[in-house]
Amino acid sequence: MKHFLHVNDIDSSASWLSLAAECKKEPFKYEKLGKGKVLGLLFFNNSLRTRLSTQKAAYHLGMHCMIMNIGSEGWALEFEDGTIMDQGKAEHIKEAAQVISQYCDVLGVRAFASLEDKEKDEAEQVLNGFKKYAGIPVLNMESATGHPLQALADLITITEHQQTKRPKVVLSWAPHPRALPQAVANSFTSIMRNNPQFDFCVTHPRGYELNPEIIGDSPVYHDQNEALKDADFVYVKNWSASNPYGAVLNNDPHWMITPEKLGKAYFMHCLPVRRNVIVEDAVLDGNNSLVIEQANNRTYAAQAALIKILESL
Ligand code: CP
């Protein structure tokens, strides 16, 4: 039984990219693989792309999908062991996960970072709670620290558009009025590091350092213009500070991506994106924006991950 929890679960980028390309060309090729299988999708947080693209991927594979906005419609879950449950939590993850796993063959979970307790977020309490007690494969649909399906879709998109053997790919922080998790930036960085054929670097204001274990030896610039020089792909994303954890320390509009900053590079963002805060209209509406293609590739990223899981059952 295989889980898909992290970009490191992609054992070979080449074979996963080839599988995703196969699914894109012929979406129903593996329709028999999931016949009679049920995919449960649990959402503790909102979604547009993840929910619909994963549902579509399941449809292509002949699976039946059951979806629950568990964060707003389910019983509030307790994740700690040994708790006296006399407060607001009505059900323990131990029972909930075992019950759900009787109804499903594969379970997708979306549970963002709280941005209140770094230790608990880094422990991936929700995702790992389901992994521990469900007894069926778990698919990460964005967890506290990672969004591997997005990163795989991004890798597919870059590969489809790269014009040189070693394109320069820049991950740039951009301003946002609210505190956002680091999951997308973490997974994008990890997948770039796992694919050293890309000339990858990161740029953000001081105070927005990502986890050093994730960044590794990737070059980091605090001067955005220096980082963007000669870029082929500019991946833009906001994330909140790691110290103080979850803080918004900077809203400098000079970090917003404009056509002048982008130059001839492709613009990438996972969406949803705030226009004229993260990026100017002219970039999103221009020919170099790949955001709609990234969202389309979410279906084939999910399909590749589900095929790998189904093959392991
Ligand atoms: N990029 C992404 O995960 O989109 P949603 O939050 O809409 O699912």
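Numbering of ligands and ligand atoms starts at 1, following listing order.
- Distances between N or O atoms of Glu142 and those of ligand 1 include no value under 3.5 Å.
- Arg298 NH1, 3.4 Å is the protein heavy atom nearest to atom 2 (C) of ligand 1.
- When hydrogens are left out, the protein atom nearest atom 7 (O) of ligand 1 is Leu48 N, 2.7 Å; that is the closest non-hydrogen contact.
- Close contacts of ligand 1 with Ser47, meaning ligand atoms under 4.0 Å from a residue heavy atom, involve 5 (P), 7 (O), 8 (O).
- Residue Leu271 touches ligand 1 through its backbone alone, judged by heavy-atom distances below 4.0 Å.
- Leu39 pairs with exactly one of Ile67, Leu61, Leu306, Leu310 by the side chain to side chain contact (heavy atoms under 4.5 Å, CB included) rule, that one being Leu306.
- Residue Asp86 places its CG atom among more than 12 non-hydrogen atoms of other residues, nucleotides or ligands, all under 6.0 Å distant.
- Looking only at distances, a side-chain donor or acceptor of Ser312 sits under 3.5 Å from a matching main-chain atom of Ile309.
- Of the protein's heavy atoms, Arg49 NE, 2.9 Å lies nearest to atom 4 (O) of ligand 1.
- For ligand 1, the atoms lying closer than 4.0 Å to a non-hydrogen atom of Cys270 are 1 (N).
- At the top of the distance list for atom 6 (O) of ligand 1, counting protein heavy atoms only, stands Arg110 NH1, 2.9 Å.
- The ring of Phe4 has its center closer than 6.0 angstrom to the ring center of Trp16.
- Note: the hydrophobic cluster containing Ile156 also contains Leu139 (ILVMFWY, side chain heavy atoms under 4.5 Å, direct or indirect links).
- Checking Tyr235, Trp239, Phe233, Trp173 one by one against Phe188, the ring pair (Phe, Tyr, Trp, His ring centres under 6.0 Å) holds for a single residue, Tyr235.
- A donor-acceptor pair is defined here as one N or O able to donate and one able to accept, closer than 3.5 Å; no such pair exists between the side chain of Ser218 and the backbone of Cys201.
- Short contacts between ligand 1 and His147, defined as distances under 4.0 Å to a heavy atom of the residue, involve ligand atoms 2 (C), 3 (O).
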